[in-house]
Amino acid sequence: MGIPKADFFNLAVFNSPTMNEKFPSSEKLKGKILIDRLFSEGKSIKNFPLKLVYTPINKTSITTNKTGVSVPKRNFKKAVDRNHLKRLIREAFRKNKYLVDSNLQKKYAFMFIYTANKKFDYHQITASLIHILNKLIERESSHENSNN
RNA sequence: AAAGUAGGCCGCCUUAUCGCUGGCUCCCGGAUUUUAUUCGGGAACUGGAGGAAAGUCCGGACACCAUAGGGCAGCAUAGUGGGUAAUGCCCACCGGUCGUGAGAUCAGGACAAGUGCAACAGAAAGGAUGUACAGGUAAUGCUGUAGUGAAACCAGGUAAACUCUAUGCGGUGCAAUGCCAUGUAUACCGGCAUUUAAGGGUAGCCCGCCCGUUGUCGGAGGGUAGGCAGCUAAAAAUUUUUGGUGACAAAAAUUUCAGAUAAAUGAUAAGGAAUUUUUGAAAGAACGGGGGAGAAAUUUCCUGUUGUUUUAAGAGGAACAGAAUCCGGAUUACAGGCCUGCUUUUUUA
């Protein structure tokens with residue numbers, strides 16, 4: 001029975017201000033202008049089955065990262081499958097977004113795209129997502145330092 | 001008991017942790033000098049996908065459009081009666097067809113008018129024209145029989161053939177529509193006056209209808225990207241009673257049950273249950289083989305096969321599928337399970 005242990009661990013997480021696992025609507029990527037800009041000038045990182053498109057937000061009014069998720073309709077015809085995969089990706093990002101929050105100063109717009117055409121489970125998606133985030137941090141932190 | 005037939009119901013659960021979203025209460029911070037309002041954040045409590053939410057096939061509610069008028073055309077429906085907000089839906093009855101039966105199924109109005117169609121066979125399929133035999137007449141397909149065919153000179157069949165009859169149908173859809181903020185500057189809208197003509201508009205066509213030029217007064221429009229309302233308390237749900245063969249209706253009591261918008265209702269871990277399957281053990285049953293006892297009936301021991309029950313362990317372990325203005329239906333998809341009525345066959349009494 002690992003329940004009491006997990007209980008203790010999660011309580012600690014909950015009290016720590018750096019390990020925020022919430023994903024409120026202010027951190028969701030919305031609005032046509034920003035999304036169009038993201039796709040026209042964003043850079044991308046691929047790691048099967050995910051692809052991340054990102055771009056820095058150079059606007060002082062936005063104080064959080066903006067994150068969206070997409071599963072193309074041509075790969076998954078049924079709405080149930082698309083919804084489920086989007087939930088899995090969102091969940092994986094929610095659990096691991098501390099990597100971005102604690103390592104990057106600038107605010108970014110992210111879009112995760114599911115590029116495979118068959119389903120993977122939560123653990124595989126998480127692994128892929130963490131890999132992508134580490135790559136992103138590696139790339140962007142050097143950028144930020146040289147610019148400053 | 002088996003096979004079948006009709007209908008109804010359910011369509012995973014529990015715990016822990018982390019999240020999303022609506023409501024409500026409270027707390028903290030900012031703005032408006034204060035009350036109060038508003039913005040941001042947090043906490044507690046409490047709602048949060050389906051029987052088909054699906055495809056978008058019918059019928060409505062609701063909203064806007066003035067060509068919402070008429071005629072023609074077009075489309076849909078088609079026994080009789082009833083139910084309903086309404087229907088192409090549902091119910092009852094009648095009739096045809098299929099089935100031993102329970103039941104299933106039906107584009108089930110009209111050949112009256114006009115037009116068309118009818119394979120093969122047959123001399124001939126609607127214009128007429130025959131053959132053989134018999135009868136009859138002044139004479140003749142004038143009469144009968146034979147022969148082909150579903151139908152043969154009298155006519156008939158066919159409308160999932162045009163057609164006719166009856167009934168119904170304006171169009172576009174919540175991206176409707178209204179408001180707010182932003183913001184451009186006469187390209188828009190409305191009223192009044194003036195002008196009376198070229199031209200333009202259209203839901204297939206025609207009739208008809210609408211617009212138009214200039215001035216003036218009034219209003220903020222269009223486009224772009226947002227927000228709020230519309231937006232979920234209703235042809236509502238549950239239970240009971242009454243009426244009705246039934247669809248359904250009425251009454252009473254109780255309840256409030258999703259409202260997201262790059263789109264919430266989830267993720268992880270552990271466990272449980274339905275059901276399937278494999279292996280082992282035990283019990284008793286049927287059938288077979290061998291040995292012993294006995295004159296025999298029979299009995300006992302060992303063993304093989306089959307299926308049943310109990311138990312232990314393992315594997316596997318949920319289908320179809322995600323609200324988007326809202327209802328009523330039908331359609332299609334669906335693992336597994338439960339219940340009820342009836343029919344046929346067999347067995348027992």
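Predicted, not measured: the structure shown is a model, and the values here were computed from it. Numbered from 1 within each chain, the chains take letters A, B, ... in sequence-line order.
Between the side chain of A:Arg90 and the backbone N or O of A:Val69, no donor-acceptor pair lies under 3.5 Å. The closest donor-acceptor contact from the side chain of A:Asn83 to the backbone of A:Lys86 lies at 3.5 Å or more, if one exists at all. Panel note: side chain A:Glu140, backbone A:Ile137; no donor-acceptor pair is recorded below 3.5 Å. Side chain of A:Asn47 to backbone of A:Ile132: no donor-acceptor contact under 3.5 angstrom is found.
The pairing partner recorded for B:C18 is B:G266, the criterion being a Watson-Crick or G-U wobble arrangement whose two distances lie under 3.5 angstrom. Using the Watson-Crick or G-U wobble rule with both distances under 3.5 Å, B:G322 pairs with nothing in any strand shown. Both distances falling under 3.5 Å, in either a Watson-Crick or a G-U wobble arrangement, place B:A31 opposite B:U37. Pair assignment for B:U194 gives none, since no Watson-Crick or G-U wobble pairing has each distance under 3.5 Å. Under the Watson-Crick or G-U wobble criterion, with both distances below 3.5 Å, B:A247 has no partner in any strand shown. Base-pair partner of B:A132: B:U145 (Watson-Crick or G-U wobble, both distances under 3.5 Å). Across every strand in view, B:A110 sits in a pair with B:U163 that passes the Watson-Crick or G-U test at under 3.5 angstrom. Remark: B:C64 base-pairs with B:G171; criterion is Watson-Crick or G-U wobble with both hydrogen-bond distances under 3.5 Å.
Remark: A:His84 is not in phosphate contact with B:U265, judged by side-chain N or O atoms under 4.0 Å from OP1 or OP2. The phosphate of B:A262 has neither OP1 nor OP2 within less than 4.0 Å of any side-chain N or O from A:Arg90.
Nearest-nucleotide positions on RNA chain B place A:Thr67 closer to the 5' end than the other of A:Thr67 and A:Asn83. Mapping A:Gly68 and A:Phe23 onto RNA chain B via the closest heavy atom, the residue that lands nearer the 5' end is A:Phe23.
Rounded to whole Å, atom P of B:A267 lies 12 Å from atom NE2 of A:His123. Atom CG of A:Leu129 and atom P of B:U268 are 15 Å apart (whole Å). Atom CG of A:Asp121 and atom P of B:A269 are 8 Å apart (whole Å). Between the P atom of B:G266 and the NZ atom of A:Lys95 lies a distance of 16 Å, rounded to the nearest Å. B:G266 atom P lies 14 Å from atom CZ of A:Arg94, rounded to whole Å. Computed from coordinates, the A:Lys86 NZ to B:U21 P distance equals 15 Å when rounded to whole Å. Between the CD atom of A:Gln124 and the C1' atom of B:U268 there is a distance of 15 Å, rounded to whole Å. Rounded to whole Å, the distance from NZ on A:Lys78 to P on B:A319 is 11 Å.
Nucleotides B:G147 and B:U131 are separated by 10 Å at their C1' atoms, to the nearest Å. If you take atom P in B:C120 and the same atom in B:C153, they sit 22 Å apart, rounded to whole Å. B:G304 and B:C339: their P atoms are spaced 40 Å apart (whole Å). B:A63 sits 39 Å from B:A333 when the P atoms are compared, rounded to a whole Å. On the P atoms, B:G81 is 14 Å away from B:G88, given to the nearest whole Å. The separation of B:G116 from B:G127, taken at their P atoms, amounts to 9 Å, rounded to a whole angstrom. Of the P atoms belonging to B:U186 and B:G215, the separation is 15 Å, rounded to the nearest Å. On the P atoms, B:G79 is 9 Å away from B:G108, given to the nearest whole Å.
Glycosidic conformation of B:C64 is anti; the angle lies outside 90° of 0. For B:G329, the base adopts the anti conformation, since its glycosidic angle falls more than 90 degrees from zero. For B:C75, the base is anti relative to its sugar; the glycosidic angle deviates from 0 by more than 90°. The glycosidic torsion of B:U172 lies more than 90° away from 0, which places this base in the anti conformation. B:A233 has its base anti relative to the sugar, with a glycosidic angle deviating from 0 by more than 90°.
Side-chain proximity of A:Tyr122 to the nucleotides B:A49, B:A269, B:A267 is greatest for B:A267. Closest to the A:Arg87 side chain, of the nucleotides B:A323, B:A321, B:U265, is B:U265.
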Can you pull every protein N or O that's under 3.5 Å from an N or O on nucleotides 50-57 of chain B?
none

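Residues passing the ring pair (Phe, Tyr, Trp, His ring centres under 6.0 Å) test with A:Phe76, sequence neighbours excluded: A:Tyr114. The ring pair (Phe, Tyr, Trp, His ring centres under 6.0 Å) search around A:Tyr122 returns none, not counting sequence neighbours.
Taking all atoms of both residues into account, the shortest heavy-atom contact from A:Ser44 to A:Lys51 is CB-CE, 4.0 Å.
A heavy-atom distance below 4.5 Å is found between the side chains of A:Thr67 and A:Phe93.
Using a 4.0 Å cut-off between a side-chain N of Lys or Arg and a carboxylate O of Asp or Glu, A:Glu91 and A:Arg94 qualify as a salt bridge.
For A:Tyr54 and A:Phe112, the gap between ring centers reaches or exceeds 6.0 Å.
Remark: the A:Glu91 side chain and the B:G266 base include a donor-acceptor N/O pair separated by less than 3.5 Å.
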